[in-house]
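The structure appears below as structure tokens.
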There are 2 protein chains.
Amino acid sequence: MTTAPPRARGYRGARRPTLKDVAALAGVSMKTVSRVVNGEPGVAPAKVESVERAVRQLDYRPNLTASSLRRLDGRTAAVAALLEDLANPFSAELHRALEDVAHEHDVLLFAGSLDESPEREKRLVRAFTSRRADALILAPATSDQGYLTYEVPEGTPIVFVDRAPSGYEADAVVADNVDGARRAVTHLIGHGHRRIAFLGDRTAIQTARDRFAGYQQALHARGVPFDPDLVVHGLEDAGRAAAALPRLMELRDPPSALFAAQNEITVGAIRHLQAAELQDRVAIVGFDDFPLADLLRPGVTVVAQDPTAIGRAAAERVFARLAGDSTPARTVVIPTRLVVRGSGEIPAPAGPRRP
Amino acid sequence: MTTAPPRARGYRGARRPTLKDVAALAGVSMKTVSRVVNGEPGVAPAKVESVERAVRQLDYRPNLTASSLRRLDGRTAAVAALLEDLANPFSAELHRALEDVAHEHDVLLFAGSLDESPEREKRLVRAFTSRRADALILAPATSDQGYLTYEVPEGTPIVFVDRAPSGYEADAVVADNVDGARRAVTHLIGHGHRRIAFLGDRTAIQTARDRFAGYQQALHARGVPFDPDLVVHGLEDAGRAAAALPRLMELRDPPSALFAAQNEITVGAIRHLQAAELQDRVAIVGFDDFPLADLLRPGVTVVAQDPTAIGRAAAERVFARLAGDSTPARTVVIPTRLVVRGSGEIPAPAGPRRP
DNA sequence: CTGAAAGCGCTTACAG
DNA sequence: CTGAAAGCGCTTACAG
């Protein structure tokens with residue numbers, strides 16, 4: 001209990017007043033109070049007045065959980081967002097964009113981090129469903145979301161963000177990962193690099209596989225040989241990314257450029273490059289923008305996703321579905337943008353490598 | 001509606017099954033199903049078995065909003081966090097820490113950004129209260145929270161984070177803003193600076209005033225004259241902070257050091273220093289750490305708050321109150337930490353200023 | 001324009 | 001160990 005000072009008015013310490021209490025004080029039926037509280041028309045002005053006075057006097061606040069229980073549509077005006085990690089700037093910006101659109105619709109947001117844990121995803125989906133969230137926005141950690149079929153009622157829209165669904169048909173808003181990665185690597189090739197390392201997250205993650213595919217496609221398109229020694233998967237955080245670099249840089253024929261396929265990986269790689277004083281000699285392009293990328297020296301060239309646009313688009317799909325849109329599931333692809341800042345334009349060292 | 005494939009089992013397209021449906025299928029009373037679902041002891045094993053079979057067959061999921069409506073304690077197992085801006089790394093980390101503790105208690109989190117808007121704060125407090133959140137965690141945008149007395153029922157704990165309450169008695173978890181600012185400025189004085197600018201947020205914000213007080217105290221303690229020309233308040237974002245610098249640097253007697261009293265302000269100031277190529281000549285210490293502060297050149301010296309510690313402590317207060325702790329409201333002060341990285345150790349230029 | 005009765009999906013408070 | 005009845009705070013579906 002917080003030790004609040006005694007209340008100046010209204011109920012004090014007693015149970016919260018209910019519709020019934022307001023009705024009794026105003027001398028009308030519960031139904032009339034309900035009409036006034038919900039702004040329904042067709043109530044005599046005098047009764048409206050006396051209900052409003054009673055509401056003020058009692059500090060009455062409607063109980064939305066009770067009203068949603070009885071309402072036919074069962075809406076709770078709450079939507080759940082299940083994202084990768086709310087502390088990561090990508091998820092945080094996405095979350096903020098979702099909040100802004102939800103706020104326009106007077107809808108609140110539940111939020112949860114999945115941390116790449118399929119179990120956590122299932123647990124949270126169930127928790128939000130039990131609380132009757134009106135819709136789910138999901139950046140899945142599972143590789144197959146077939147379980148949603150029996151876990152979530154059909155009336156509850158699900159919109160996937162960042163990662164496309166698998167085993168379940170639903171709207172999705174994703175970045176063009178293959179194309180973005182291709183552009184990043186093509187950019188490096190354009191600056192003369194032929195030894196380009198791939199630094200990626202766990203291959204269980206679809207977007208990680210897509211970015212790897214884009215990397216391979218870019219090499220192939222420009223006739224740059226693919227060398228598995230330059231590929232590192234499974235870099236789950238900045239620390240592991242930094243730790244993976246020494247081995248790469250000590251190869252007989254080390255990479256002259258790095259493609260870091262996720263923001264944490266980019267930061268980890270740069271931390272190592274700076275520690276080894278290689279930041280002006282080894283080129284790097286990252287996938288995902290991050291705050292302050294422009295303030296590092298050199299500035300960090302990235303393929304930027306637009307988490308705000310992704311979030312807004314996802315929220316718009318949610319509210320379209322809630323408004324009754326029953327067209328087939330669609331996937332919205334948000335394009336990426338190459339942001340040139342310096343690190344990606346470091347040229348390959350001149351050498352005998354190219355005939 | 002998402003266009004899910006036909007369900008393999010359970011209800012399909014029909015309404016969700018209820019306790020009553022399970023009871024009918026299992027051939028027991030609703031009360032028995034309730035007992036099994038809630039893990040209450042004292043049900044014959046055979047009945048447990050047949051209830052569990054019916055639950056699986058129907059894909060029954062209890063409706064938590066209904067159960068919380070009827071329960072005596074009325075708990076919804078949801079807590080609301082009203083923070084400054086979920087996209088700001090400080091709020092995002094704080095939010096994540098809250099989530100982690102809540103998750104340990106099987107409690108979900110509602111989240112909202114206040115954007116320094118008192119109206120938005122009141123609207124969201126009401127929205128969360130209407131949804132019967134079990135507790136509120138609040139980084140207030142209002143200057144007086146007296147309205148909480150009649151807006152939030154006494155049984156609902158409120159814990160303030162980052163900013164202390166005013167006009168309302170409640171637990172709070174805050175950083176030591178005065179002391180942190182004092183240490184930052186003392187550190188700059190220790191490197192010979194006597195012309196130290198203060199770059200602060202709107203003075204309507206208590207923490208902004210506290211940090212300004214710490215700045216003044218440090219000057220006073222070391223006998224450095226206070227010059228109002230070196231003080232800029234009202235810097236609401238990085239852009240305004242950057243835009244405020246030219247005027248300062250063009251003073252007849254410009255500052256040799258900056259104290260940036262918030263992370264966005266620090267970033268804005270650095271953006272200007274880099275653009276003007278002053279980053280190696282003008283010292284800066286920021287309040288609040290931020291990601292990549294160590295990777296800038298020079299590294300950015302900051303007085304770091306610990307948003308994770310603040311969040312954990314706040315969540316712990318919440319769950320202590322929910323568990324029945326009725327001791328007087330307390331304020332937990334989380335100490336700050338000076339993190340030396342280079343920008344704060346740039347010495348004052350030698351000059352005739354000091355006798 | 002207004003209200004009495006029933007019911008949303010659960011748990012409580014009993015009685016057996 | 002089990003269940004029938006009542007009720008949480010609202011809205012629905014009526015009837016007047």
Side-chain angles (χ1 to χ4, degrees), chain A residues 11 14-51 54-55 58-78 129-134 153 155, chain B residues 11 14-51 54-55 58-78 129-134 153 155:
Chain A
Y11 66 100
R15 65 175 175 73
R16 295 217 76 156
T18 66
L19 249 195
K20 203 172 172 182
D21 300 319
V22 177
L25 182 61
V28 298
S29 73
M30 286 172 56
K31 179 63 214 179
T32 295
V33 178
S34 172
R35 277 189 261 256
V36 173
V37 166
N38 291 298
E40 287 170 35
V43 179
K47 298 215 171 185
V48 171
E49 167 82 10
S50 84
V51 167
V55 164
L58 296 172
D59 288 325
Y60 169 71
R61 301 285 176 267
N63 182 334
L64 249 63
T65 68
S67 92
S68 93
L69 180 62
R70 190 62 185 87
R71 272 178 201 287
L72 279 180
D73 63 12
R75 292 280 170 83
T76 56
T129 305
S130 291
R131 283 164 183 78
R132 297 300 186 261
D134 293 336
Chain B
Y11 65 102
R15 64 174 176 73
R16 294 216 76 155
T18 67
L19 250 196
K20 204 172 170 181
D21 300 319
V22 177
L25 182 60
V28 298
S29 72
M30 286 171 56
K31 178 63 213 178
T32 295
V33 177
S34 173
R35 278 190 260 255
V36 172
V37 166
N38 291 298
E40 287 170 35
V43 178
K47 299 214 171 186
V48 171
E49 167 82 12
S50 84
V51 167
V55 164
L58 296 173
D59 288 324
Y60 169 72
R61 300 285 175 268
N63 182 334
L64 249 63
T65 69
S67 91
S68 93
L69 179 62
R70 191 60 184 88
R71 271 176 201 289
L72 279 181
D73 62 13
R75 294 281 171 82
T76 56
T129 305
S130 290
R131 283 167 182 77
R132 298 298 186 264
D134 293 337

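In what follows, chains carry the letters A, B, and so on, assigned in the order in which the sequence lines appear, proteins first and then strands, with residues in each chain numbered from 1.
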Without decimals, in angstroms, what is the distance between [X] [atom1] and [N] [atom2]?
| X | N | atom1 | atom2 | answer |
| --- | --- | --- | --- | --- |
| B:M30 | D:dA6 | CE | C1' | 12 Å |
| B:R61 | C:dG9 | CZ | P | 16 Å |
| A:D73 | D:dT12 | CG | P | 8 Å |
| A:R16 | D:dG9 | CZ | P | 11 Å |
| B:R70 | D:dC8 | CZ | C1' | 5 Å |
| A:E40 | D:dT11 | CD | C1' | 9 Å |
| A:R35 | D:dT11 | CZ | C1' | 11 Å |
| B:N63 | C:dG7 | CG | P | 18 Å |

Below the 4.0 Å mark, does D:dT2 have OP1 or OP2 next to a side-chain nitrogen or oxygen of B:T32?
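No.
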Check this one for me: any side-chain N or O of B:S34 less than 4.0 Å away from OP1 or OP2 of C:dT11?
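Checking C:dT11 against B:S34, a side-chain N or O does come within under 4.0 Å of OP1 or OP2.
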[X] side chain: which of [options] is closest?
| X | options | answer |
| --- | --- | --- |
| B:S67 | C:dG9, C:dT11, C:dT2 | C:dT11 |
| B:K47 | C:dT2, D:dT11, D:dT2 | D:dT2 |
| B:L72 | C:dA13, D:dG3, C:dT2 | C:dA13 |
| A:A44 | D:dC10, C:dC1, D:dA4 | C:dC1 |
| A:K31 | D:dC10, D:dA13, D:dG3 | D:dA13 |

Indicate, with a heavy-atom threshold strictly under 4.0 Å, whether B:K20 touches base, sugar-phosphate, or nothing.
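Touches nothing.
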Check every strand shown and say whether A:L64 touches a base, only sugar-phosphate, or nothing at a heavy-atom separation below 4.0 Å.
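Here A:L64 touches no strand at all.
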Can you confirm whether A:K31 sits close enough to A:E40 that some side-chain heavy atom of one is under 4.5 Å from a side-chain heavy atom of the other?
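Sidechains of A:E40 and A:K31: in contact.
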Supply the atom-to-atom distance [X] [atom1] to [Y] [atom2], rounded to the nearest 0.5 angstrom.
| X | Y | atom1 | atom2 | answer |
| --- | --- | --- | --- | --- |
| A:L69 | B:R70 | CG | CZ | 12.5 Å |
| A:R71 | A:L64 | CZ | CG | 7.5 Å |
| B:R131 | A:S67 | CZ | OG | 9.5 Å |

Whom does C:dA4 pair with, Watson-Crick or G-U wobble, provided both distances fall under 3.5 Å?
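Base partner found: none.
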C:dA13 pairs with which nucleotide, Watson-Crick or G-U wobble, both distances below 3.5 Å?
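None - no nucleotide pairs with C:dA13, as no candidate has both distances under 3.5 Å.
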Indicate yes or no for a side-chain donor-acceptor contact from A:T76 to the backbone of A:R132 under 3.5 Å, with no hydrogens or angles considered.
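It does hold such a pair.
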Any side-chain to backbone donor/acceptor pair from B:R61 onto B:R16? Under 3.5 Å, distance only.
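Such a contact is absent between B:R61 side chain and B:R16 backbone.
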Both B:P41 and B:L69 contact DNA chain D. Taking the nearest nucleotide for each, which residue is further toward the 5' end?
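By nearest-heavy-atom nucleotide position, the 5'-most residue is B:P41.
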Of B:R71 and A:V28, whose nearest nucleotide on DNA chain C comes first from the 5' end?
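Its nearest nucleotide lies further toward 5', so the answer is A:V28.
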